Structure formats: structure tokens, C-alpha cells
Amino acid sequence: MSVAGDLPKAGAPSRAWVIPLAARIEGLLLPVAALLAGFAAFALFLLLLGKSPVDFFALVYKAGFGTAFSWSNTLSRAAPLLLAALCVAVPARLGLVVIGGEGAIVLGGVMVGGLALPLSGWPPLIAMPLLACMAALAGAVWIGAVGALRQWRGVNETIASLLMAYIAIALMNHMVEGPLRDPASLNKPSTAPLAEALRVGDLPGWNVHWGLAVAVLACIFAWVLIDRTTIGFAARIAGGNIRAAQVQGLPVGKLVIGFTALGGAFAGLAGYFEVSAVHGSANASLASGYGYTGILIAFLARHNPLAIIPVALLLAGFEASSGLVQRRMDLPDATMTVLQGFVFVAILASETFTGRLNLAALLTKGEQR
Amino acid sequence: MNGDIGLWAVPLAMLGGAIRVSTPFLFVSLGEVITERSGRINLGLEGTLVFGAMSGYALAFLTGSAWIGVLAAALAGAIFGLVHGLLCSLPRVNDIAIGIALMLLGTGLAFFFGKPFIQPVAPDLPAINLGWWSDLPQVQAALRVNVLFLLGFVLALALAWMLRRTRMGLILRVVGDSSDAARALGIRPARVRILATAFGGALAGVGGAYLSLFYPGSWNEGISSGQGLIAVALVIFARWSPVNCFFAALLFGAAGALGPALQSVGVTSGYYLSYAAPFVLTLVVLILSSSKSGALTGAPRELSITK
Amino acid sequence: MLKSLTRRHFLSTSAGFAGAAALGGLSGPARASGDLTVGFIYVGPRDDYGYNQAHAEAAAVIKAMEGVTVIEEENVAETQDVQQTMESMINFDGASLLFPTSFGYFDPHILEVAPKYPDVRFEHCGGLWSEGMPTNTGSYFGYIGMGQYLNGIAAGHATKTKKIGFVAAKPIPQVLLNINSFLLGARSVDPTITCQVIFTGEWSMAVKEAEATNALADAGVDVVTCHVDGPKVVMETAASRDCFICGYHANQSDLAPEKYLTGAEWNWATVYKDMVEKTLAGAPIDNFVRGGLAEGFIKMSPLGPAVSDAARNQFEATKAKILDGGFAVIEGPLKDNAGNEIAPAGTAYEETDVALESMSYLVEGVIGSTS
């Protein structure tokens with residue numbers, strides 16, 4: 001779809017640039033309008049329960065975006081979500097629906113936990129990138145295998161990635177409580193703690209770890225790859241029609257395995273930061289659902305790596321404000337899940353208006369006739 | 001009385017487990033077969049299942065009748081299905097994405113309204129004792145079959161017959177294979193898909209009610225461990241055949257009982273790995289039964305994930 | 001009878017809900033009414049018939065105290081979520097005493113946040129505080145193994161098959177001590193009794209807990225207890241399989257009154273009241289707090305109707321001994337279930353012995369392994 005939007009039609013007037021511009025504006029306007037519609041529906045829901053929507057949104061703003069602490073809360077939550085969403089968005093460019101990113105996150109984390117002891121004395125400048133690469137590799141192999149199964153055996157990638165996520169979590173639990181367990185971790189079975197020197201700290205002057213910066217860079221990298229390179233162009237063609245791509249001689253097999261592996265690598269990296277910046281060792285808390293939230297973000301962002309950033313921030317902000325809403329308004333913790341449900345249904349349903357706002361005609365009005 | 005049956009306990013426990021655990025998978029996957037046969041995929045049945053579990057439990061508790069609970073769950077599920085079906089009938093709206101959003105909404109609403117029902121005890125669905133002929137309590141327990149399980153079995157046969165032999169089945173298959181062909185025959189694909197998705201939602205709701213009203217038989221926020229999501233995957237595994245769904249659900253349930261059964265006969269190490277048996281088994285069978293040509297035999301051609 | 005009771009309970013709570021809804025808005029916890037704001041954080045739902053409910057019931061007692069405002073948050077994951085929740089309670093609500101109650105909250109999360117807020121007190125349930133950790137953190141725990149020993153006595157008298165069962169989450173020291181205590185209590189009645197243990201691998205996973213309970217019943221077990229976060233499913237499933245049940249964490253007797261023998265319950269109100277009173281008075285709190293039956297940290301559910309007189313007598317006599325102090329469950333000669341000696345004759349580990357907090361074995365007679 002997006003391909004067609006970029007190509008001016010033959011015989012179009014000289015104002016052909018208006019069409020992509022209009023598409024851009026519409027691409028911004030529609031989701032924002034849908035977001036507001038979702039808010040309105042949720043406000044109605046609150047009114048029916050006898051709660052004040054004004055108070056509610058004031059609290060969400062305050063706790064999600066209103067103070068310096070709120071921002072650090074929101075940004076810390078966003079970091080793993082960005083990487084988890086990329087694990088869905090990158091393969092999606094090939095038309096693949098990968099929903100098992102949780103598995104790659106968990107295995108990336110276990111990889112770091114398992115290497116914590118062997119690398120404990122190493123200089124950080126070597127050990128830290130090595131750990132990050134190994135975690136990314138673990139994720140890449142796991143999700144890459146999903147791509148390989150799809151390519152070579154015709155196994156549906158959605159179901160394979162889901163099943164493999166459950167298997168990965170079982171493996172993680174087995175390793176953490178069995179072979180990799182630090183005997184000193186008594187009541188919370190964990191791998192040996194990562195040496196202090198190898199921990200990832202906070203961004204200078206912020207209360208947020210470096211994972212956020214890396215995740216944002218990863219989104220930009222993925223966007224450049226998909227939108228600005230020939231590989232990305234080939235992938236988009238293959239995503240539209242695999243048979244056509246094969247006929248044109250595109251290396252579909254390499255693309256499928258490469259893109260799934262890349263997505264997995266991003267998720268593995270999320271596991272790296274969970275262990276090295278948050279937990280300090282690998283344990284069962286690694287499986288905390290970031291992978292599944294990532295699916296949602298990627299679909300909302302229409303698999304556009306740059307759009308993932310604002311969507312993840314919005315979601316993280318909701319989650320950051322959940323506690324205050326619970327405490328101040330006596331609403332259950334699931335309130336935020338309901339709000340997210342309303343908002344996401346609204347935004348996804350709004351896609352039906354894509355291309356129907358006719359902004360191009362509005363922009364050129366008066367000059368044409 | 002309690003005879004010691006040694007290693008026989010393992011296959012017996014797997015049989016019992018298959019019957020006890022499989023029902024939610026069976027209902028959700030049967031519903032999803034109908035939805036997918038019409039050319040839509042509803043990934044959100046996990047949310048429908050959880051909401052069904054909550055509403056079923058709540059209504060059973062408030063009215064004192066477990067069957068009213070089941071009806072309520074089916075109704076709630078049908079509404080979720082209807083919403084999915086209607087939204088996805090709008091042009092350019094992605095059914096997978098809407099499914100994921102509805103999964104969130106269903107789970108959220110279930111947890112939101114389910115808080116006051118975690119504590120109370122609701123009446124259970126009745127079970128039929130098919131093990132009356134045996135003296136062994138293990139056999140009797142394994143064959144304590146819930147009515148819904150039997151209903152699911154009959155439903156699987158009925159749906160298979162419906163798809164193959166009835167006009168309704170033909171319409172469904174035509175719509176699932178080609179919207180254009182359907183329109184040429186004077187069928188409105190969108191309407192068929194909306195109804196098929198509503199039906200799928202209703203069955204998923206019943207699957208949830210089984211969880212909260214029979215086994216494990218209580219409502220809490222951890223009641224589903226992904227049954228709704230896995231059941232959707234089992235549909236692909238079962239190649240869109242209702243009868244296969246029955247066997248897939250049984251297999252999955254039996255494999256799930258392996259972990260605790262092995263521990264009870266003394267095979268205790270690596271229990272996380274034996275708990276993963278259902279997932280490994282499903283994946284292995286899936287890999288073995290797929291082929292490079294990627295031809296998903298039995299797949300409805302309008303289905304987005306098989307295109 | 002029972003049903004009408006629970007229904008009335010439901011109606012009253014939902015009426016309360018509606019009342020709160022009517023008030024609505026930001027009024028929430030009125031900051032002005034309290035000099036001290038106390039925050040409770042739970043890993044699961046507050047009404048799980050188990051771990052979280054035990055803490056929430058105690059929080060309700062604190063709520064009634066003069067000059068104290070209680071704020072609560074449930075379903076907080078053991079990730080950076082809990083770090084943010086603690087900071088949010090401090091920054092937005094002015095909490096100065098926090099009870100993050102889940103075991104996994106301590107390391108690294110509390111240890112990470114506590115140094116940033118030296119004026120806030122962080123009290124953690126589980127018992128990991130040691131010298132060198134931030135002094136504004138502390139840990140408390142109770143000797144609940146004694147409760148499982150008493151459970152075992154009731155179970156030992158009730159079992160006919162001489163097999164009792166234990167549904168456990170993970171093989172960690174606190175759980176192993178409970179399993180061992182349960183069996184040793186039963187063996188004080190009849191030394192031929194064995195205890196089958198099944199690990200579910202998760203603190204809260206309803207279907208697995210039900211399957212584990214069924215597997216125990218299939219193996220011929222006729223008394224069941226557990227150590228998972230919410231025992232409701234285990235208790236209901238075991239009772240439906242005609243097993244007797246011994247409770248854990250909280251009182252589960254209304255789930256199956258006829259089958260319920262007794263239960264080992266937490267009584268956190270004792271601890272919380274003491275800590276809040278000390279904070280209000282400006283007195284210091286010990287960083288390492290422990291207590292058992294005698295101190296009122298734990299309590300036993302009233303004995304059920306199925307408990308025989310013989311069982312009752314032994315139960316009460318042993319309870320009296322425990323209350324006197326010096327009673328040891330782990331006492332030599334004792335072997336683990338692999339045949340290794342763990343306590344030679346003449347040695348005894350009293351409940352206060354810190355060595356018990358790193359237990360890594362299952363005693364002879366327990367069927368199961370720690371890995």
C-alpha cells in the first residue's frame with residue numbers, strides 16, 4: 001500500500017508532491033482523532049461507573065507525563081517495549097506475523113545470566129558489547145529459526161513463534177533453577193549476578209537506563225533499513241506478494257530468515273538490558289509480558305519503526321499512571337488495560353478511513369480550478 | 001480402596017488430564033474453525049475466553065445456576081465476536097490487529113469487573129461418572145466427565161457434518177475461499193463472516209466458563225494460562241477440521257498432564273521441561289506434517305495468514 | 001448457609017464499591033487525615049485466599065489506626081514496575097513507610113530504590129536483609145514451618161493410605177522447610193507415612209495446580225496441603241477428590257469445611273502494627289525481625305470437624321511445646337531422601353536457627369527431588 005502512495009501517477013499535475021504530503025498529514029490526523037475517540041468512549045465508561053473522567057485524565061497526565069519523575073517512569077517502561085515491538089514490526093514487512101518475541105527476550109536474558117560468571121573479570125569495553133551481541137544472537141537464532149521453519153518446511157510462523165515462546169520460557173526456568181542457578185540465590189532462584197563493572201547504568205542526568213537510547217537508535221536503524229535501502233524495498237515487495245518476488249528473482253529465503261533473525265536480535269537485546277540494567281541476574285521475572293505488549297505496539301504503529309516510538313511512549317505512560325489511578329480513584333488495576341483496549345480498537349478501526357479524507361483535493365483546491 | 005497402580009498411573013493420568021484439560025481448547029478451536037473457514041482470523045479469543053470465564057462465574061454465583069453462567073458466557077462471547085466481525089467488515093481494517101486489541105479489551109474488562117468475584121464460591125457444572133464400572137478410584141476420577149466435554153465431542157462431529165453436507169457449510173466454504181465467487185452466487189460475504197465470528201466468540205466464551213465453573217473451577221486473574229491463544233494455534237495444527245480439533249485438544253491436554261503425572265511416580269528432575277511437553281509435541285507434529293511447498297491443505301484461501 | 005453468607009459478604013463489598021464510586025474523584029486518600037502514609041504493594045490480587053490476602057488483611061488493620069493513611073497497589077510485577085510503584089508512592093502520596101510484600105521485590109528492586117530515599121523506610125517480607133545493606137531497609141518473616149509441622153500432625157492422624165501430598169511452587173528453602181516440616185509432623189504420628197511432592201514451577205497457575213492435585217490423588221494421597229500464592233484451587237480440587245486438606249497462608253476452611261483439618265496462617269497484623277506504632281513514636285525498627293507462634297506472627301486455623309480427639313490432643317500438646325520455645329523440627333538423627341545424613345544424632349535446629357533459611361534438601365520419606 002505504502003509503495004503506491006510514494007509513486008506519482010502518470011499524467012498527474014505538477015502538484016504531484018501534494019499527494020504524499022496529504023498522505024502524511026492524514027497519517028497523523030487519523031490516529032490522533034481515533035485516540036481522542038477512544039478517550040471519549042472510555043470517559044463514557046467511567047461516567048457510567050460514576051467516576052469522574054476529568055479526574056482520571058488529569059491523573060494519567062500527571063503520573064505519566066506531568067512531572068520529571070513521571071517522565072522517567074514512562075521512559076523506563078518504554079525501553080523494553082520499543083525493542084519488543086521491533087521484533088514484530090521487522091518481520092511484518094515481509095507479511096510475517098511473529099507473536100513469540102517474549103521467547104527471544106527471555107533467552108537473551110538467560111544468555112547474559114549464563115555468561116555473567118565466565119566474563120566476570122573481563123574489561124567492560126570488551127565484555128559489555130560481547131554480552132549484548134550474544135543476547136542478540138540468542139534472540140536472532142530463536143526467531144530466525146521461526147523464519148527458517150517457515151521458509152524450508154512451510155510451518156506457519158505465527159503458531160511456531162507462539163509455541164516456541166512457551167518452550168523458551170520453560171528452558172529459561174529450567175536453566176535458572178537448574179544448571180545456571182547461583183547456589184547463593186536461595187529463595188529467588190537466579191543465575192550468578194553480573195559483575196558491577198558490567199552493569200548498564202543510567203543515561204547521564206536521567207533516571208533511565210541506556211537501553212532507552214539503544215532502543216531508539218534501533219528503531220531508527222530499522223526504519224532506514226526498511227524504508228531507505230534496496231533490501232528493505234525488496235522485502236516490501238516480497239511482503240506484498242511472495243510469488244511475484246520469487247519470479248523477479250528476489251532472494252526471498254534470505255529475506256525471510258534475515259528479517260526474522262533481525263527481529264529476534266532486537267528482542268534478545270531487550271533481554272540483555274533487562275538483566276544488565278534492571279535485574280542484575282537472569283531469573284523468572286524476565287518473562288513479564290513485554291513481548292506480548294510489543295505485538296500491540298507494532299500493530300498500532302502499522303509496523304513503521306519510527307511510529308513505534310510515540311506509540312510505545314503512550315502505552316508506557318498509561319502504565320506509569322496505573323498506580324496513581326488505583327490509589328486515588330479506587331479503581332482496579334485493570335482500568336488501564338480497559339483504556340488501552342478502547343484506544344487500540346478505535347485506532348485500528350480508524351484505518352478504514354485511510355485515503356478517504358481526500359486531503360489532497362483540499363490542499364490543491366483553488367489552484368487547480 | 002486406594003490401590004497402588006504404580007507406573008500405570010502415568011497413562012491413566014494422561015487420559016484423565018486429556019479429558020479434564022482439553023475442553024477449553026476444544027471449544028475455542030471449534031469456534032475458531034468456523035470463523036477461519038469464513039476467511040477471518042480472530043486472534044482475540046484469549047480475551048473472550050477470560051471474559052467468558054468471569055461472566056460465567058459471576059452469573060453462576062449470582063443466580064445459583066452454573067448453566068445460566070454458561071449461557072451468559074456464550075452470550076458475552078458472541079458479543080465480542082460480533083464486535084470483531086463488524087469492525088473487520090470495514091474496508092482496510094486488519095483482523096489480526098483487531099483481534100489483539102480485543103484480547104486486551106476482553107481481559108481488561110474481565111479483570112475490571114471480576115474483582116468482587118474472586119472470593120465467592122459459585123456452583124460447579126455437573127459431571128457424569130463414566131468410571132462406575134471400575135473399583136479403582138484413579139479410573140473413576142479420570143472418567144469423571146463433564147457434560148461440556150461430551151457436548152464438545154458431539155459439536156465437533158456436527159460441525160464437520162455441517163461443513164461438508166449442508167447448504168450452510170457450503171456457503172461458509174465458498175465465502176472462505178473466494179469473496180468474489182460468493183458474491184457471484186448472491187451471498188454477502190461480510191454478513192456470513194460476522195455471524196461466523198460471533199459463533200466463534202460464543203464457543204470461546206463457553207470454553208472460558210468451563211475453566212471457571214468446572215476445572216479448575218474458580219475465577220481468578222490467573223485462570224487462563226494462554227488457552228485461548230493456543231487454541232487458535234491448534235486450528236492451524238488441525239488443518240481447519242473440527243474432528244481434528246477434537247484430537248488436537250485431547251493430545252494437548254494429555255501432554256499437559258504428563259508433567260505432574262511423571263512427578264507423582266518419582267520422575268522429578270527437569271520438571272519445567274516436562275511441563276513444556278504440549279508445546280514441544282505440537283511444534284514437532286507441526287513441523288513433520290508441513291511441507292516445503294507451503295501448501296496449507298484445507299486452508300481457506302481468503303485467510304490473511306495463509307496468503 | 002455458607003452460600004448465603006458469602007453472598008451477603010459480596011453484596012456488602014459491592015455496596016462499599018458503589019459508595020466509593022459516588023465520592024469519586026481525587027479525594028482518594030485524604031492526605032490531611034494522616035501524619036504517616038503507609039504503602040502496601042502486592043504481587044497478585046488482594047483477595048487470593050493466600051499470600052496476598054494475608055498481607056491485605058493486615059493492611060486493613062493498619063487502616064483503622066489513628067493518624068495513619070494506607071495506600072495499596074496490587075498486581076505489581078517483580079520488574080522495574082515495582083521500583084516505579086515505590087517511587088510513585090513516595091513522590092505522589094508522600095509515603096514514608098513501605099511494605100513491598102512479594103519475595104522477589106527485594107533484590108534488586110528495593111535495594112536499588114532505598115538509597116535514593118533515606119527518609120523512607122522499606123520493610124520487606126521474606127528475610128534477606130543482612131549487614132551492609134541500606135539501613136533504611138529491613139526484613140521480617142515468620143517461622144511458618146512450625147505451622148506446617150502442626151498441619152502434619154493433623155494430617156498424620158487423618159491419613160488412611162499413609163500417603164500425604166504437597167503441591168509446591170518452586171524448590172526454594174522456605175518451601176522445602178514447609179514440605180519437610182509437614183512430613184515430620186505426620187511422622188511424629190506414624191513413622192511409615194510418606195509425603196509426595198509435586199512442583200508446579202509457578203507461584204500462581206490455576207490449571208497446573210489443579211492437575212498437580214489430581215496427580216497426587218491418583219497416586220493414593222489422601223491429605224493435601226500446598227505452598228503456592230493462592231491455595232484456593234488446590235483446596236477445592238483436593239476436597240473434590242475426597243482428600244482432607246490443610247490450609248496455608250490464610251484460612252481456607254470455608255472452601256470445604258468438612259474436609260479442612262487446620263491451616264498454617266500468617267498473622268502479619270502483629271508485625272505491621274508494631275512497626276507502624278514504632279514509626280509514629282519515632283522509635284527505631286530492627287532491620288531483621290523474626291517471630292513464630294509465640295510472637296503471634298503466625299497462627300493456626302481452628303481445628304475442623306474431621307480432626308479426631310487423639311489428633312487434637314497431640315496437636316495441642318505440641319503447640320504448647322512450640323509456644324514454650326526451644327522446640328526443633330529438624331532433629332538428628334535425620335537423613336535426606338537421597339540417603340545423606342543431614343543431622344547426626346544429638347543435633348537439633350530450633351526454629352530460630354538461621355541455617356534453616358538456606359535449606360536445600362528434602363528429608364527421608366518425601367517423594368520428590370529439589371531440582
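Computed from a prediction, not measured in an experiment: that's the story for all the values here.
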* To do: Below 4.5 Å from any heavy atom of chain A, which atoms of B:L288 appear? Answer side chain, backbone, both or neither.
  => backbone
* To do: Could you tell me which portion of B:S89 (side chain, backbone, both or neither) has an atom closer than 4.5 angstrom to a non-hydrogen atom of chain A?
  => neither
* **pair A:I167-B:L283: side-chain heavy atoms closer than 4.5 Å** => yes
When [options] are compared by non-hydrogen pairs under 4.5 Å with chain A, the top option:
| options | answer |
| --- | --- |
| B:V83, B:I98, B:L87 | B:I98 |
| B:C88, B:A97, B:A110, B:A276 | B:A97 |
| B:L43, B:L234, B:I230 | B:I230 |

* Are the aromatic ring centres of A:F45 and A:F42 under 6.0 angstrom apart? -> yes
* Exercise: do B:S224 and B:E46 side chains pair donor with acceptor under 3.5 Å -> yes
* **B:S178 versus B:D180, side-chain donor and acceptor atoms under 3.5 Å** => no
* Mutual orientation of the aromatic rings belonging to B:F111 and B:W219 [parallel < 30°, tilted 30-60°, perpendicular > 60°] -> tilted
Would you mind checking which part of [X] comes under 4.5 Å of any heavy atom in chain B, side chain (CB onward), backbone (N, CA, C, O), both or neither?
| X | value |
| --- | --- |
| A:L149 | side chain |
| A:F342 | both |
| A:F299 | side chain |

Between [options], which has the largest tally of heavy atom pairs under 4.5 Å with chain B?
| options | answer |
| --- | --- |
| A:E177, A:M164, A:M172 | A:E177 |
| A:N173, A:I99, A:I169 | A:N173 |
| A:V345, A:V343, A:I159 | A:I159 |

* Which heavy-atom pair separates A:T260 from A:G147 by the least distance, and what is that distance? -> OG1-CA, 3.5 Å
* Under-4.0 Å salt bridge between A:D333 and B:K115 -> yes
* **Carboxylate-amine/guanidinium contact B:R40 B:E302, below 4.0 Å** => no
